[in-house]
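Taking it in order: structure first as structure tokens, then the write-up.
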Amino acid sequence: MPLSVSHEKSGISVRRRDGTTVALDPSHASDCDYAFVSHAHIDHMHRKGKGRSKARLIVSKETSLLAGARGYNIEGQEVQDGFMLVDTGHILGSRGLLIGDNEVYYTGDLSIRERAFMKPAKMPHAKTLIIESTFGRPGYKFPEVKEVTHRTNKVISEMYNMGVPVILMGYALGKAQLLTKMFGHWDPVYLHDSVAKMNSVYSGLGIDLKDAMSHIEAEERGLLSKNKPWIMISPLMSGRSTFVQEMKRKYGVVTVGFSGWALDMGYRYRMGLDYAFPMSDHCDYSELVQAVKSCAPDKVYTFHGFAEEFAESLKKMGFDAEPVERNNHNGGKKEERKRMATTMSLDSFS
């Protein structure tokens with residue numbers, strides 16, 4: 001039986017040559033033999049419904065713990081015969097799945113650049129590569145992390161000199177912990193309650209993060225008024241949100257958002273932010289190309305984001321590439337659009 005990659009209603013699935021099937025980050029309970037959850041961002045997990053799945057779950061320990069802290073019961077095994085987990089450098093616990101004897105490698109979300117405590121992913125060789133393409137368009141070229149750090153420290157310093165507090169905003173799981181590490185030398189630091197919850201899990205898993213008070217406790221104790229200026233690490237949200245508007249009204253805060261999408265013209269204005277810097281937990285375009293070349297596959301499937309554009313770019317470089325969605329025979333296109341909409345609201349800020 002030939003190996004096949006397809007896009008089913010629950011997401012991407014692989015049928016191996018021995019007939020066993022693997023669901024990759026399924027959006028709901030799968031009838032496959034195995035199901036793999038790459039990391040604990042919401043668009044890569046599903047809550048258990050009424051239907052029972054026969055699939056044996058493959059997931060990292062860190063992902064299970066982070067998912068549990070977010071209200072998801074994702075319990076499985078890190079070790080299964082015929083599979084290997086590979087660190088993808090996206091967030092703590094994120095893994096890619098190497099299937100069989102270098103048959104297939106699925107990246108999940110991927111970053112090959114070092115960021116604070118996050119180490120760059122290393123690409124294994126595989127005959128078939130299934131790679132994310134969130135920023136798979138040539139215009140997406142991220143600046144060096146040290147440049148973003150310098151520019152941010154400059155903003156904070158200027159605001160501190162004027163007695164103005166600063167809210168640094170990034171996705172609550174992954175980006176916010178990096179911001180805590182990168183800017184924890186400022187004092188005092190407060191954490192939005194949702195960030196404090198994730199930081200606690202990271203600390204329990206051995207990541208050294210500054211011990212900081214939650215914004216709720218700080219506000220109850222009047223510290224946000226007494227201790228100005230300060231910085232707060234918060235989830236990325238619109239500057240027009242109730243929370244940000246309240247922080248501006250009470251304390252005159254300045255907001256700084258961090259996202260790969262900050263490269264887009266008008267992003268800062270659409271989000272209603274005072275500053276926006278491009279920093280992502282994904283690969284930019286050139287890093288995606290580098291990852292493909294390192295893997296040296298015979299076949300490439302692209303998924304998510306600019307999947308069609310990235311596949312076309314790879315074909316021009318001589319790779320046999322296509323978006324995985326094109327392999328769909330079971331209505332997966334509609335489901336992928338639905339998942340993309342979810343991602344844009346939750347994970348596209350990473």
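Counting from 1, the numbers follow the sequence of the chain as shown.
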Side chain to side chain donor-acceptor pair (under 3.5 Å), that's the test. Do E8 and S6 meet it? Break it down for me. CA-CA 6 Å; E8 312 295 336; S6 61; 2.4 Å; yes
Could you check L209 against Y202 for side-chain contact (heavy atoms from CB on, under 4.5 Å), going step by step and ending with a plain yes or no? CA-CA 8 Å; L209 296 177; Y202 267 56; 3.9 Å; yes
Is atom CE of M265 surrounded by more than 12 heavy atoms (other residues, nucleotides or ligands) closer than 6.0 Å? no
Please tell me if the side chains of I130 and V14 come closer than 4.5 Å, counting only heavy atoms from C-beta onward. yes
Salt bridge E78-K61, side-chain N to carboxylate O under 4.0 Å: no
E287 side chain reached by H282 side chain, heavy atoms, under 4.5 Å: no
Given H44 and D109, is the side chain to side chain donor-acceptor pair (under 3.5 Å) satisfied, shown in steps? CA-CA 9 Å; H44 289 258; D109 288 345; 3.2 Å; yes
CG/D211: more than 12 non-hydrogen atoms of other groups inside 6.0 Å: no
Ring centres under 6.0 Å, that's the criterion: do F142 and F135 meet it? yes
Hey, does L173 have a side-chain heavy atom less than 4.5 Å from the side chain of L66? yes
Within 45° of the ring axis of Y301 and under 6.0 Å from its six-membered ring centre, is that where the NZ or CZ of K299 lies? yes
Output the distance between atom CZ (R115) and atom CD1 (I91), rounded to the nearest 0.5 Å. 10.0 Å
Carefully, step by step, assess S94 and T88 under the rule side chain to side chain donor-acceptor pair (under 3.5 Å). CA-CA 6 Å; S94 65; T88 61; 2.9 Å; yes
Please report the interatomic distance CZ(F306) to CD(E312), rounded to the nearest 0.5 Å. 14.5 Å
Just checking, is any N or O donor in the side chain of D281 or S111 under 3.5 Å from an acceptor N or O on the other one? no
With respect to H215, which candidate in Y190, Y251, F243 satisfies the ring pair (Phe, Tyr, Trp, His ring centres under 6.0 Å) definition? F243
Please determine whether a side-chain nitrogen of the Lys or Arg among K127 and D298 lies less than 4.0 Å from a carboxylate oxygen of the Asp or Glu. no
So CG of L263 and OH of Y285: to nearest 0.5 Å the spacing works out to 15.0 Å
What about the rings of Y106 and F303, do their centers lie closer together than 6.0 Å? yes
Carefully, step by step, assess R95 and S38 under the rule side-chain contact (heavy atoms from CB on, under 4.5 Å). CA-CA 5 Å; R95 300 290 185 268; S38 64; 5.8 Å; no
Hey, which of V189, L223, L191 is the one that makes side chain to side chain contact (heavy atoms under 4.5 Å, CB included) with M213? L223
Under the 3.5 angstrom rule, does the side chain of H125 hit a backbone N or O of C295 as a donor-acceptor pair? yes
I would like to know whether E144 and R113 meet salt bridge (charged side-chain N to carboxylate O under 4.0 Å, His left out); could you show each step before the answer? CA-CA 9 Å; E144 294 295 322; R113 68 169 60 192; 5.0 Å; no
Using only atom types and a distance under 3.5 Å, with no angle test, would you say the side chain of W230 pairs donor to acceptor with the backbone of L224? yes
For the backbone of V148 and the side chain of T152, can you confirm whether one donor and one acceptor N or O come within less than 3.5 Å of each other? yes
Who passes side chain to side chain donor-acceptor pair (under 3.5 Å) against Q245, sequence neighbours left out? none
Stepwise, does the side-chain contact (heavy atoms from CB on, under 4.5 Å) test hold for I156 with Y160? CA-CA 6 Å; I156 296 172; Y160 264 48; 3.8 Å; yes
Establish, for the pair R16 and F83, whether the NZ or CZ atom is under 6.0 angstrom from the six-membered ring centre and no further than 45 degrees off its axis. yes
Output yes when a side-chain donor or acceptor of T63 lies under 3.5 Å from a complementary backbone atom of G93, and no otherwise. yes
Audit row: K250, E246, salt bridge (charged side-chain N to carboxylate O under 4.0 Å, His left out) steps and yes/no: CA-CA 6 Å; K250 286 184 175 179; E246 190 74 355; 3.7 Å; yes
Between D33 and T20, is a side chain to side chain donor-acceptor pair (under 3.5 Å) present by the stated rule, with each step listed? CA-CA 6 Å; D33 299 296; T20 57; 5.0 Å; no
Under 3.5 Å, is there a donor-acceptor pair between the side chain of S64 and the main chain of I74? yes
Taking atom types as modelled and ignoring hydrogens, do the side chains of S13 and T21 form a donor-acceptor contact shorter than 3.5 angstrom? no
Look up atom CZ in F36 and atom OG in S60, then write down how far apart they are to the nearest 0.5 Å. 8.0 Å
With W261, which of F277, Y140, Y267 fulfils ring pair (Phe, Tyr, Trp, His ring centres under 6.0 Å)? Y140
For residues S4 and R15, determine if any side-chain heavy atom of one lies less than 4.5 Å from a side-chain heavy atom of the other. yes
Find out whether V145 and L178 are in side-chain contact, i.e. whether some heavy atom of one side chain is under 4.5 Å from a heavy atom of the other. no
V256 side chain reached by L273 side chain, heavy atoms, under 4.5 Å: no
Rounded to the nearest 0.5 Å, what separation is found between the CG atom of L110 and the OG atom of S133? 11.0 Å
Separation of S259 OG from M279 CE (nearest 0.5 Å): 10.0 Å
Apply salt bridge (charged side-chain N to carboxylate O under 4.0 Å, His left out) to D274 and R268, showing your working. CA-CA 7 Å; D274 297 306; R268 179 170 71 87; 5.8 Å; no
If we count only N and O atoms by modelled type, under 3.5 Å, do the side chains of S241 and S238 hold a donor and an acceptor together? no
I'd like to know if K154 and E158 make a salt bridge, using a cut-off of under 4.0 Å between side-chain N and carboxylate O. yes
Under 4.5 Å between any side-chain heavy atoms of V292 and V300, yes or no? yes
Could you verify whether a donor N or O on one side chain and an acceptor N or O on the other, from E132 and T134, lie under 3.5 Å apart? yes
Backbone of N153 reached by a side-chain donor or acceptor of S157 within 3.5 Å: no
Parallel, tilted or perpendicular: ring planes of H41 versus H39, cut at 30 and 60 degrees: perpendicular
Quick one: does any side-chain atom of T128 pair with a main-chain N or O of V104 as donor and acceptor, under 3.5 Å? no
Heavy-atom check, side chain of D87 versus side chain of K119, under 4.5 Å: no
Go through it in stages, so that I can follow the logic: the residues are I167 and S234, the test is side-chain contact (heavy atoms from CB on, under 4.5 Å), and I'd like the CA-CA distance, side-chain angles, deciding distance and then a yes or no. CA-CA 7 Å; I167 301 183; S234 158; 3.5 Å; yes
Between E322 and K315 (salt bridge meaning N to carboxylate O under 4.0 Å), is one present in this structure? no
Where the side chain of K210 meets the backbone of W186, is there a donor-acceptor pair that is under 3.5 Å apart? yes
Could you check whether atom CD of E114 has more than 12 heavy atoms from other residues, nucleotides or ligands sitting under 6.0 Å from it? yes
